[in-house]
Amino acid sequence: MNNSVFVQRRAQLIATLQPDSVVLISAATEQSRSRDTGYPFRQHSDFWYYSGFNEPDALLILSNRANLPAAQLLCREKDPAQEVWHGRRLGPQAASEALQLQATALSEQSTILKQSLDGSSAVYLNLTEQTDLLAQITVQMQDLKQREKRGERAPLQLIDLAPLSGAQRLVKDDSEIAIMRQAGEISAQAHIRAMQYCRPGRFEYQLEAEILHHFALNGARYPAYNSIVGSGNNGCILHYTENSSLLAAGDLVLIDAGCELYGYAADISRTFPVSGKFSDEQAALYQLVLDAQYAACNAVKPGSDFAAVTAAAEHVLTEGLLGLGILQGELSQLIADKACKQYFIHGIGHWLGLDVHDVGAYKVNNASQNGSEQPFVPGMVLTIEPGLYIPAGSPTERRWWDLAVRIEDNLLLTADGHENLTTAVPKEIDAIEQLMATGNARD
Ligand code: GLY
Ligand code: MN
Ligand code: MN
């Protein structure tokens, strides 16, 4: 990514700070998986958003104070012995130039942190996520307070950075949109590949392997979240990631998977029949979720909001469930009672970006202040993902039991509506059946 976007984002954030403030953002740390093996490193999203630096053990300090640099980075020093074992480090000298900020060795952290805090009026940091950093700052503030007689001064305010970074990250810039388009396309093609590979007798994790393979072959080494491949009643478990069952003829399989590209997530769900042909019940339930998805997508345009989108989907789902005899009663009453929530047990969607469930407020104010919905504006990216889940034992005819359907796409708000970033993977019943019938050359 071009470094100028990170410089621009920092300037934009700094322009919103109270006078004489500092912002502190910690990099992620490496996580142990077992003894000497680690989980793949994933940078903290805010840290990445404002620095473009993908190493652990670093601290970004931004400031609007006259006596401090606008952007400082504390990072690991070059160390040939460490690097030959654990990988290359950029080091402060190269980082200064590459990232266009003032970089210093991490060993200076205590001194630089103290200089940054001393005399600042406010310190911004993510108060609920970066608790190690908060603890460090608290110790530094205690030290500063003890030295007030010598003219040092602890900051007067700690301010949560999350609302500010959340608001900035909510509306994507052109570089982010380009990446998210590409992440959507790669992920859509991966779903196509899984549909084509699907057969009774294969394992759920083998469909997952097809998806991950496609991600990596196309430049996205990691998934944005653990892929969900749930066949039969596994589909009723929303975050099913065991992916260990055999695919059985006659079952549906629900796949929820998306790649991560330069930190940005795609998040697609598709549901299709293991043997390539929907039964009557499966087709009826599937078509209903698809109709609800179209209704919800149609409501995604500037000025609309998640409440409007939810209402559109719930109207279609309730009417459809009533038509299928899965719900009984009077339509307007069922809508008022939100009766469809018995089977549509999650929200209609969420913001999407560096985090799958991305940051950004859903309400403009707190509910106690008559919080109103965050209105959609161009540049926002969100998912639309209605689903129906009818586990065994539900108060319906048995023929509906154990069916689970979710259809999820990623939508970019544009000036006159939206652009579907994940439209390449089919969702019409005919198109899915046709695609599965063409199979896979590697059979
Ligand atoms: N993949 C998680 C979600 O759809 O929200
Ligand atoms: Mn989602
Ligand atoms: Mn999903």
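We count ligands from 1, going down the list as the structure has it; atoms in each ligand are counted the same way. Index from 1, following the sequence. Predicted, not measured: the structure shown is a model, and the values here were computed from it.
- Residues lining ligand 1 at a heavy-atom distance below 4.0 Å are given as Y225, D256, D267, H350, H357, E385, E408, ordered by chain and residue number.
- No cation-pi contact links R221 to F215, judged by a cut-off of 6.0 Å to the six-membered ring centre and 45° from its axis.
- Across A122 and Q18, no two heavy atoms sit closer than the pair CB-OE1, 4.0 Å.
- Two rings, from W351 and F306, have their centers less than 6.0 Å apart.
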Compile the donor-acceptor pairs under 3.5 Å between side chains in residues 261-269 and protein atoms, sequence neighbours left out, one pair per line.
{"unit_1": "Y264", "atom_1": "OH", "unit_2": "E176", "atom_2": "OE2", "d": "2.6"}
{"unit_1": "D267", "atom_1": "OD1", "unit_2": "Y225", "atom_2": "OH", "d": "2.8"}
{"unit_1": "D267", "atom_1": "OD2", "unit_2": "H350", "atom_2": "NE2", "d": "3.0"}
{"unit_1": "S269", "atom_1": "OG", "unit_2": "D256", "atom_2": "OD2", "d": "3.2"}
{"unit_1": "S269", "atom_1": "OG", "unit_2": "R406", "atom_2": "NE", "d": "3.2"}
{"unit_1": "S269", "atom_1": "OG", "unit_2": "E408", "atom_2": "OE1", "d": "2.8"}

Show me the side-chain donor-acceptor pairs of residues 312-320 shorter than 3.5 Å, one per line, residues at least two apart or across chains.
{"unit_1": "E314", "atom_1": "OE1", "unit_2": "K338", "atom_2": "NZ", "d": "2.6"}
{"unit_1": "T318", "atom_1": "OG1", "unit_2": "E314", "atom_2": "O", "d": "2.5"}

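- Excluding waters, the set of protein N, O or S atoms lying under 2.8 Å from the Mn ion (ligand 2) comprises D267 OD2, H350 NE2, E385 OE2, E408 OE2.
- Here S4 contributes atom OG and Q100 contributes atom CD; the two are 7.5 Å apart, rounded to the nearest 0.5 Å.
- Of the charged side-chain nitrogens involved, at least one lies within less than 4.0 Å of a carboxylate oxygen, so that D409 and R270 count as a salt-bridged pair.
- For R399, the CZ atom counts as densely surrounded, since its 6.0 Å shell holds more than 12 non-hydrogen atoms of other residues, nucleotides or ligands.
- The pair E83-R89 does not meet the salt-bridge criterion, since no charged nitrogen lies less than 4.0 angstrom from a carboxylate oxygen.
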